[in-house]
Amino acid sequence: MAGIKDVAAEAGLSVATVSRVLNGHPSVSEDARRRVTEAVERLGYRPNAVARSLRTDQTRTLGLVISDVMNPYFTELARSVEEEARALGYSVIIGNADERPDLQDHHVTTLLDRRIDGLLVSPTDGGSPGMLGAARAGTPMVFVDRWIPGVDVPVVRSDGRAAVRDLVAHLHGLGHRRLAIIAGPAATTTGRERVDAFREALAAYGLELPDAYIGQGDFQAGSGRRVTEGFLDLPVPPEAVFAADNLMALGALDAIRARGLRVPDDIALAAFDDIPWFVHTDPPVTAIAQPTRDLGRAAVRALVDRIAGRPGASVTLPTRLVVRRSCGEPGTGRPPSPSSYEGVRREQPQS
């Protein structure tokens, strides 16, 4: 494998000049820069990133610890982060916490040991020791999607409250009164926020959210099935179920079909976190969509600011309700009632 001395010999320059070119030093001539570039291409030379990091104290590498790589929302978020990081000259190493605080700490420690320049985290809980320690030690860090109150770290997230209000207005307008929620983990900010927003939206219509209509899930499909089975076993089951993430919604759909019931004829279903699969289910699922790609890009930019010593601003982006056919909308089995609400995006039924 070619080394820097080989590049210098090929280019007819000193090792010091080649080093300055490779490190972007402004004092080198355009002729020297051209000769080094051509020599690098001919020899297939690749700089030693570890050695360079020791000289510059930077590896041009970011760490991303996501809550669940199997969740399509986080998969898209990771892709957006990687694309934006690459555009800014960074590589990304991804760790999957699988909704487990111990794995989250493992990945945080491993990434820091690899001398990453900064860390993006979607916390699995209220704060695992390793992650909190990294934040308090001054590691450049940004929380994305979820956050930990009281920790001085920029947060890039979406605000789902307005879209949840739109969803409840939509369900109420279709005649649904008994509304239930499959909640995410209470230890996560998104888990708590979506339940609170749902309860507040119901109260605006004089509707309550009984304890029996709150099912505790874990943002994974199995809990969606389990909670929905419990709803269906109630003496008075809900008329509509709102799953607080996409995987729990798919689990709910499995549970409903396993009982020989149909959506929306027997029970309506809606979800937080729209995914491409929802247009292909039967019926297509009404869902709240997050601006996932924009969140990933904004999170990388905020982290790069932190790495450069700038404050790094928190960012909150809006969500939107995407109306399809899983709640008894026009063209489905359940006849809708008139409704009066605005600001909702409607998707045309798939032909």
Task: Ion pair E84/R301, N-O distance below 4.0 Å - done: yes

TODO: Linking directly or through intermediates, with side-chain heavy atoms under 4.5 Å: list the remaining ILVMFWY members grouped with L103, chain and number order.
DONE: none

TODO: Please report the C-alpha distance between S67 and S122 in whole Å, then the side-chain angles of each, then the deciding distance to 0.1 Å, and finally whether the side-chain hydrogen bond (donor to acceptor under 3.5 Å, both in side chains) criterion is met.
DONE: CA-CA 6 Å; S67 304; S122 177; 3.3 Å; yes

- [ ] Could you tell me which residues satisfy side chain to side chain contact (heavy atoms under 4.5 Å, CB included) with V15, sequence neighbours excluded, listed by chain and number?
- [x] I4, K5, A8

TODO: Could you note down all residue pairs passing salt bridge (Lys or Arg N to Asp or Glu O under 4.0 Å) where residues 88-108 supplies at least one of them, sequence neighbours left out?
DONE: E99-R146, R100-D102

Open item on the list: Tell me every residue that passes side-chain hydrogen bond (donor to acceptor under 3.5 Å, both in side chains) with R42, counting only those two or more places apart in sequence or in another chain.
Closed with: E10

Task: Partner residues of D233 under the side-chain hydrogen bond (donor to acceptor under 3.5 Å, both in side chains) criterion, sequence neighbours left out - done: R259

Open item on the list: Between E38 and R34 (salt bridge meaning N to carboxylate O under 4.0 Å), is one present in this structure?
Closed with: yes

TODO: Kindly write out the residues that satisfy side chain to side chain contact (heavy atoms under 4.5 Å, CB included) with S14, not counting sequence neighbours, or none if the list is empty.
DONE: A16, T17

- [ ] Check A302 against A313 and note the closest heavy-atom contact, atom names and distance.
- [x] CB-O, 3.9 Å

Open item on the list: As a test of understanding, state which of E329, R325, H170 forms a side chain to side chain donor-acceptor pair (under 3.5 Å) with T286.
Closed with: E329

Task: Which atom of A299 lies closest to which atom of L120, heavy atoms considered - done: O-CD2, 3.6 Å

Task: Taking every non-hydrogen atom, the tightest pair across A97 and V65 - done: CB-CG1, 4.3 Å

Open item on the list: R226 vs E229, test: salt bridge (charged side-chain N to carboxylate O under 4.0 Å, His left out). Steps then yes/no.
Closed with: CA-CA 5 Å; R226 171 179 51 77; E229 288 166 356; over 6 Å; no

- [ ] Scan for ring pair (Phe, Tyr, Trp, His ring centres under 6.0 Å) pairs involving residues 87-107, sequence neighbours excluded, and state none if there are none.
- [x] none

Task: Taking every non-hydrogen atom, the tightest pair across A249 and L269 - done: O-CD2, 3.7 Å

Open item on the list: Checking D31 against R35 for the salt bridge (charged side-chain N to carboxylate O under 4.0 Å, His left out) test, could you report, in this order, the C-alpha distance in whole Å, the side-chain angles of both residues, the deciding distance, and whether it holds?
Closed with: CA-CA 6 Å; D31 178 64; R35 288 161 66 182; 3.2 Å; yes

TODO: Return yes if a side-chain donor-acceptor contact under 3.5 Å exists between Q290 and D273, otherwise no.
DONE: yes

- [ ] Among residues two or more places apart or on two chains, list those pairs meeting ring pair (Phe, Tyr, Trp, His ring centres under 6.0 Å) that have a residue in residues 226-252.
- [x] F198-F242

Open item on the list: Could you check whether any side-chain N or O of R114 sits under 3.5 Å from a backbone N or O of G63, counting only pairs where one atom can act as donor and the other as acceptor?
Closed with: no

- [ ] Would you mind checking if R306 and D117 are paired as a salt bridge, meaning a charged N to carboxylate O distance below 4.0 Å?
- [x] no

Open item on the list: Run Y73 and D68 through side-chain hydrogen bond (donor to acceptor under 3.5 Å, both in side chains) and show every step you take.
Closed with: CA-CA 9 Å; Y73 166 76; D68 183 5; over 6 Å; no

Task: Pairing residues for S80 by the side chain to side chain contact (heavy atoms under 4.5 Å, CB included) criterion, not counting sequence neighbours - done: R293, R297

- [ ] Could I get the full list of side-chain hydrogen bond (donor to acceptor under 3.5 Å, both in side chains) partners for T292, not counting sequence neighbours?
- [x] none

Task: Set of residues satisfying side chain to side chain contact (heavy atoms under 4.5 Å, CB included) with respect to A197, sequence neighbours excluded - done: R161, V164

Open item on the list: Test: side-chain hydrogen bond (donor to acceptor under 3.5 Å, both in side chains). Region: residues 244-254. Which pairs qualify, not counting sequence neighbours?
Closed with: N71-D245, N71-N246

- [ ] List the atom of T316, the atom of S158, and the distance in Å for their closest heavy-atom pair.
- [x] CG2-C, 4.3 Å

Task: Shortest non-hydrogen contact from S223 toward D218 - done: OG-OD1, 2.8 Å

TODO: Let me see the working for E239 and R177 under salt bridge (charged side-chain N to carboxylate O under 4.0 Å, His left out), right down to the final yes or no.
DONE: CA-CA 7 Å; E239 297 171 317; R177 299 295 181 268; over 6 Å; no

